[in-house]
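The structure appears below as structure tokens.
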Amino acid sequence: MSRLFRDVEGGPRCPHGSVVCIGAFDGLHLGHRALVRHTVSRARALGVEAVALSFEPLPREFFAPAAPPPRLLLPRAKAEGLLALEADQVGLLRFNGRLSALSAEEFVRRVLVQRLSAREVWVGPEFRFGKARGGDIALLRRMGEEGRAEGQGFSAHEIEPVLLDGERVSSTRIREALLAGDFAAAARWLGRRYAIGGHVVRGQQLGRTLGFPTANLRFGGKTPALSGIYATWVHGVGDRPWPSVSSLGTRPTVAGVEPLLEAHLFDFDGDLYGRRIEVEFVAHLRPELKFPDLPALTEQMHRDAEQARGLLRLDSQRAAAPLPAPLAAATQTPA
């Protein structure tokens, strides 16, 4: 049986019971990871499966298609990250008109009780769910207690927020830090540097004609959290991160529309099509601009590349200084 599922309907996935955590999990920051790890710990203690439950698209994307929120993490990367945190199963439930119309009570019955046989449910602070956001921790506790008479009860718990320097770690704060070019703050809240991964796809090959061939990643209709030109490391090419300069945006000079991440790997000669890579962001160089012609764009690309090389040389020299341990600098106590 696949460890990933997408549907509300279907037979029981955890016949012997489960411990479930629910959240958007966009970015898988320190708070998300504390929630998932605690869920896994509780599941191991009870001898049942650990299930991480989320939604795709995110509810905010579904309800505001004209102005969707920027995404820190694409669906596949989110599923892979949750599995890497040792969740036994990951549910990325299809959030559509049918699911959005489901009452909180019906969601509990169909998903948590019938589908997952939940024994414990763990959520983050201020968690809401169901039609019109009618469900909360109080409803979960009430329904879990009511179900005990039928042998289908569960306990519900709200985990305390993770704090760094007295501030709550949140996806919103990370998005704000990235937009401001504060990659150090974003890395502290994420527990790692911000990166975008995916399979390299074919583009228009314009960069190759300009002397700047790129490895291109698409976003599958999602809105990226960044826009501009960046000094980056590319992982998945060799045995070490590869220095690069990357453009993230719609390429206005050539009338582009779709957001695209284009990474130019310095002094690289090879075919990356179809390979899965990860682009790690180090520094913001400039915003995306519309140039009058391709020669002007090419001239700026040379300046960008030189600046990125210099920044990455400095970054490489500082590489011996590790990032803070993900949870050592954080304060968090399960409820």
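Numbers here are sequence positions counted from 1.
- The hydrophobic cluster of Val201 has no other members, since no ILVMFWY side-chain heavy atom comes under 4.5 Å of it.
- Glu49 pairs in a side chain to side chain donor-acceptor pair (under 3.5 Å) with only one of the listed residues (Arg3, Arg44, Gln89, His16), which is Gln89.
- Sorted by first and then second residue, the side chain to side chain donor-acceptor pair (under 3.5 Å) pairs involving residues 229-239 (not counting sequence neighbours) are Thr232-Ser244, Thr232-Ser246, Trp233-Asp315, His235-Glu280.
- For Phe63, the ring pair (Phe, Tyr, Trp, His ring centres under 6.0 Å) test picks out Phe95, with sequence neighbours left out.
- Residues satisfying the side-chain contact (heavy atoms from CB on, under 4.5 Å) criterion with Ser117, sequence neighbours excluded, are absent altogether.
- Partners of Arg109 according to the side-chain hydrogen bond (donor to acceptor under 3.5 Å, both in side chains) rule, which considers only residues two or more places apart in sequence or in another chain, are Glu106.
- What you find for Ser100 and Gly97 is that their closest heavy atoms are OG-O, 2.9 Å.
- Arg115 is linked by a salt bridge (charged side-chain N to carboxylate O under 4.0 Å, His left out) to nothing, counting only residues two or more places apart in sequence or in another chain.
- Phe5 is linked by a ring pair (Phe, Tyr, Trp, His ring centres under 6.0 Å) to nothing, counting only residues two or more places apart in sequence or in another chain.
- Residues satisfying the ring pair (Phe, Tyr, Trp, His ring centres under 6.0 Å) test with Phe268, not counting sequence neighbours, are Trp242.
- Every pair passing salt bridge (charged side-chain N to carboxylate O under 4.0 Å, His left out) that includes a residue from residues 265-274 is listed here, sequence neighbours excluded: Asp267-Arg309.
- The side-chain hydrogen bond (donor to acceptor under 3.5 Å, both in side chains) check on Gln300 picks up Arg303, Asp304, with sequence neighbours excluded.
- Applying the salt bridge (charged side-chain N to carboxylate O under 4.0 Å, His left out) rule to pairs touching residues 116-126 yields Arg42-Glu120, sequence neighbours excluded.
- Note: Leu265 CG to Ile277 CD1 = 6.5 Å, rounded to the nearest 0.5 Å.
- Cation-pi geometry between Arg193 and Phe183 is not satisfied (NZ or CZ under 6.0 Å from the ring centre, within 45° of the ring normal).
- Remark: His264 pairs with Phe212, Phe266 by the ring pair (Phe, Tyr, Trp, His ring centres under 6.0 Å) rule, at least two apart or across chains.
- Ion pairing between a basic and an acidic side chain is recognised when a charged N comes within 4.0 Å of a carboxylate O; Arg110 and Glu9 show such pairing.
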